[in-house]
Amino acid sequence: QVQLVESGGGLVQPGGSLRLSCAASSGFALRNYAISWFRQAPGKEREGVSCISSSAASTYYADSVKGRFTISRDNAKSTVYLQMNTLKPEDTAVYYCARDVVGYCSSKWYTRQGYGQWGQGTQVTVSS
């Protein structure tokens, strides 16, 4: 069974950086699909963070992370990345990647609807 596996989370001080990875197991090719990152903090709804189209021609970001986070992908490695810089305590959450069923980021990519597959999540904690 194909799975999405996130990695790269951890504990970092405010102002620090982390790079998250989202890879497909069993050699499944992600190159045909848009991929999004979501996050969920304790007691809060899961929110969309960023989306990248299958060709990487289009990227989208939540206002809260714009200018600090960068989404990218390496289709040869079937992996999507989320580079997170200038991290803040409010970025603390479990981060999930999700595979869309199409190759483009829809106008409502930031909602939880329509995704074909989710990873299990990786914890990011920003604290001094």
Side-chain angles (χ1 to χ4, degrees):
Q1 183 179 358
V2 177
Q3 294 180 323
L4 295 180
V5 181
E6 301 97 337
S7 61
L11 173 64
V12 64
Q13 292 185 341
S17 298
L18 284 174
R19 189 177 79 157
L20 306 183
S21 299
C22 172
S25 66
S26 305
F28 182 80
L30 294 180
R31 62 178 177 270
N32 295 325
Y33 305 100
I35 303 293
S36 291
W37 285 96
F38 286 77
R39 66 185 181 185
Q40 188 166 19
K44 294 188 177 181
E45 293 290 318
R46 193 172 298 189
E47 62 172 352
V49 174
S50 184
C51 181
I52 187 167
S53 64
S54 59
S55 66
S58 300
T59 57
Y60 302 88
Y61 297 93
D63 288 343
S64 58
V65 306
K66 207 170 289 184
R68 299 188 297 121
F69 290 12
T70 303
I71 193 170
S72 62
R73 65 191 301 160
D74 184 339
N75 284 338
K77 295 182 178 180
S78 208
T79 302
V80 175
Y81 304 98
L82 185 68
Q83 178 67 42
M84 307 187 296
N85 298 329
T86 320
L87 283 161
K88 304 175 181 180
E90 51 263 43
D91 295 318
T92 295
V94 178
Y95 284 71
Y96 301 88
C97 63
R99 176 183 62 82
D100 209 325
V101 295
V102 293
Y104 57 88
C105 299
S106 72
S107 60
K108 294 189 180 296
W109 63 267
Y110 48 88
T111 68
R112 295 180 57 181
Q113 299 177 1
Y115 286 92
Q117 198 170 15
W118 291 81
Q120 83 292 347
T122 186
Q123 176 71 47
V124 172
T125 302
V126 184
S127 174
S128 55

Q: Taking all non-hydrogen atoms of both residues into account, name the closest pair between Pro14 and Ser128 and its distance.
A: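 What the structure gives for the nearest pair is CD-N, 3.7 Å.
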
Q | Shortest non-hydrogen contact from Ser21 toward Thr79 | A |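 Heavy atoms of Ser21 and Thr79 come nearest at CB-CG2, 4.2 Å.
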
Between [X] and [Y] (side chain of the first, backbone of the second, donor and acceptor by atom type, cut-off under 3.5 Å), is there such a pair?
{"X": "Ser78", "Y": "Leu30", "result": "yes"}
{"X": "Thr86", "Y": "Arg68", "result": "no"}
{"X": "Arg73", "Y": "Ser53", "result": "yes"}
{"X": "Glu6", "Y": "Cys97", "result": "yes"}
{"X": "Asn75", "Y": "Ser54", "result": "yes"}
{"X": "Tyr61", "Y": "Ile71", "result": "yes"}
{"X": "Gln120", "Y": "Val5", "result": "no"}

Calculate, to the nearest 0.5 Å, the distance between atoms [atom1] and [atom2] belonging to [X] and [Y] respectively.
{"X": "Ser106", "Y": "Gln113", "atom1": "OG", "atom2": "CD", "result": "9.5 Å"}
{"X": "Thr70", "Y": "Tyr81", "atom1": "OG1", "atom2": "OH", "result": "14.0 Å"}
{"X": "Thr122", "Y": "Leu18", "atom1": "OG1", "atom2": "CG", "result": "8.5 Å"}

Q: Using side chain to side chain contact (heavy atoms under 4.5 Å, CB included) as the criterion, point out the one residue from Lys88, Glu47, Arg39 that pairs with Val65.
A: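 Of the listed options, the one satisfying the test is Arg39.
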
Q. Considering the options Val126, Leu87, Val124, which one meets the side chain to side chain contact (heavy atoms under 4.5 Å, CB included) requirement together with Thr92?
A.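 Passing option: Val126.
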
Q. What is the ring orientation for Trp118 with Tyr96, classed by angle as parallel under 30°, tilted 30 to 60°, or perpendicular over 60°?
A.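 Correct class here is perpendicular.
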
Q: If the plane angle is over 60° it's perpendicular, under 30° parallel, otherwise tilted; pick one for Tyr95 and Phe69.
A: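 Tilted, since the angle between the ring planes falls between 30° and 60°.
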
Atom [atom1] of residue position [X] - does it have more than 12 heavy atoms of other residues, nucleotides or ligands inside 6.0 Å?
{"X": "Arg31", "atom1": "CZ", "result": "no"}
{"X": "Lys44", "atom1": "NZ", "result": "no"}
{"X": "Tyr104", "atom1": "OH", "result": "no"}
{"X": "Glu90", "atom1": "CD", "result": "yes"}

**Q.** Quiz item: cation-pi between Arg46 and Phe38, 6.0 Å / 45°
**A.**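 Judged by the rule (NZ or CZ under 6.0 Å from the ring centre, within 45° of its axis), Arg46 is not positioned above Phe38.
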
Treating Ile, Leu, Val, Met, Phe, Trp and Tyr as nodes and any side-chain heavy-atom pair under 4.5 angstrom as an edge, say whether [X] and [Y] lie in one connected cluster.
{"X": "Val49", "Y": "Leu4", "answer": "yes"}
{"X": "Tyr60", "Y": "Ile52", "answer": "no"}
{"X": "Val94", "Y": "Ile35", "answer": "no"}
{"X": "Trp109", "Y": "Leu20", "answer": "no"}

Q: Please tell me if the side chains of Asp100 and Cys105 come closer than 4.5 Å, counting only heavy atoms from C-beta onward.
A: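 They are not in contact (no side-chain heavy atoms under 4.5 Å apart), so the answer is no.
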
Q. Do Ser17 and Asn85 come close enough that some side-chain heavy atom pair is under 4.5 Å?
A.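 They are in side-chain contact.
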
